[in-house]
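Structure, as structure tokens:
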Amino acid sequence: MAPSPEVLRAALDEFRIEVPSWGFADTGTRFGKFLQDNAAGTLAEKFADAGQVHSFTGVCPTVALHVLWDLPAGTDLKEVQKLSDQHGVRPGSINPNVFEEQEYKHGSLANERAEVRDKALRHILDSVRLAKGLGSRDIVAWFADGSNYPGTANIRRRKQWMTDGLRTAHQALDGGQRLLVEYKPFEPAFYHTDIADWGMALQLARAAGPQARVLVDTGHHYQGQNIEQIVAWLLSENMLGGFHFNDRRYADDDLTLGSIDPYQVFRIFAEIRHYEWETGRRADIAYMIDQSHNLKNKIEAMIQTVMTAQQLYAKAALIEHEALERARDQQRLIDAENCLKDAFETDVRPLIREWRQSRGLAADPLQAFRDSGYTERTARERAARKKNVVSSYA
Ligand code: RM4
Ligand code: MN
Ligand code: MN
């Protein structure tokens, strides 16, 4: 397929993706953490690192913040604003944390105990306030709520508590804000999870109110699940709010996007582009990365991810939608399928390099970042302090 430079340039101009603050910190697995001298230990360092990703790629102007890890009680929002100005990245989605504290052992909004439900709700309402203060639009609600053994939880009652909590949280939103409801089939709960799949998230988002949408984390699906079909359904219901991108081989592995199955990501973008072509409307979707790398250099891995996302989005922009529709209507299966495959197999890298240069960016952001010496410099500066502080989930 001959790449169409104008379509591609327009697609690259509009594509933006948010990076997660926790992707720059030391994190680990259930079995251990491998610390990196240059990993960020403070909010200032996370902003600085996110600023690096944006300055080399040009497409990551916002950073997702996790409330407990980044904005603990007493945080001065003016200081956060200063960091944002200094490093050229704005606060993005705000992620409440109702899964780490001791009280949440049996859940948060769906906990049997009213005082725990109240505590979780207060934290989510605080998060909405923080988001307003920071000019952030999206609150991303992910819950570890669930149970580990059959018979130990009243699933219907917990569903009601979850519904009530989300509804109250929704009432606190201002006109422009959104509540994004994330789902996950298992982990940390291994028998039932209160929001286990997109159907449950959709139901809860609808019950919460008109500004709630579903968030699809690509790692939160069972093996073999057809994620692009879920995307198509949510689009057709106008209920797709955003993505947490990452790749997975076994479960919620948080691997680098496209490292295992790039065609999956392409097929997701293909559904979105086709919807936009068909309706003539831009889908209002927040693209975010939810990855934290233990072994790779964190900033390099984030740049690698962004470059991959950009490439896969650009490939999807090459799909010839008229030809695809004609082939579908006439049931020419091979031709229809090849509309996708031809686009996927096109090498868009030369055009993306050109686009970067035309925007004053380095043709190869990864190499440019490496050449900058940032990793070596921050490793020297941060190493001493890092011996004592580990901010992480694991
Ligand atoms: C969860 C989920 C959430 C993320 C946490 C750290 O599995 O993906 O979005 O905030 O991990
Ligand atoms: Mn996620
Ligand atoms: Mn996850």
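Treat the numbers as computed from the prediction; the structure is a model and nothing was measured. Excluded from the calculations below are hydrogen atoms, water molecules and symmetry mates; all remaining heavy atoms, backbone and side chain alike, are included. First listed ligand is number 1; within each ligand, the first listed atom is number 1.
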Check this for me: does any side-chain nitrogen of one of [X] and [Y] sit under 4.0 Å from a carboxylate oxygen of the other?
X      : Y      : value
Glu103 : Arg122 : no
Lys298 : Asp49  : no
Asp194 : Lys184 : no

*With the Mn ion (ligand 3) as the point of reference, which N/O/S atom of Asp252 is the closest?*
OD2

Please identify which atoms of ligand 1 are closer than 4.0 Å to at least one heavy atom of [X].
X      : answer
Asp252 : 7 (O)
Asp217 : 8 (O)
His244 : 9 (O)

_How about NZ on Lys132, more than 12 heavy atoms from neighbouring residues, nucleotides or ligands closer than 6.0 Å, or not?_
yes

*Under 2.8 Å from the Mn ion (ligand 2), which protein atoms of type N, O or S occur, listed by chain and number?*
Glu182 OE2, Asp217 OD2, His244 ND1, Asp290 OD2

Between ligand 1 and [X], is the shortest N or O to N or O distance under 3.5 Å?
X      : answer
Trp142 : no
Trp69  : no
Glu182 : yes
Asp290 : yes

Side chains of [X] and [Y] only: does a donor on one sit below 3.5 Å from an acceptor on the other?
X      : Y      : value
Gln304 : Lys296 : yes
Asn38  : Tyr374 : no
Trp69  : Glu100 : yes
His221 : Tyr183 : yes

*asked:* Do Arg267 and Phe269 form a cation-pi contact, if we require the NZ or CZ to be under 6.0 Å from the six-membered ring centre and within 45 degrees of the ring's axis?
replied: no

*Interatomic spacing from CG in Asp364 to CZ in Arg353 - rounded to 0.5 Å*: 7.5 Å

*If you measure from each non-hydrogen atom of Val140 to ligand 1, which part falls under 4.0 Å: side chain, backbone, both or neither?*
neither

*For ligand 1, is there an atom lying under 4.0 Å from some heavy atom of His66?*
yes

*Does the side chain of Phe344 reach to within under 4.5 Å of the side chain of Phe266, using non-hydrogen atoms?*
yes

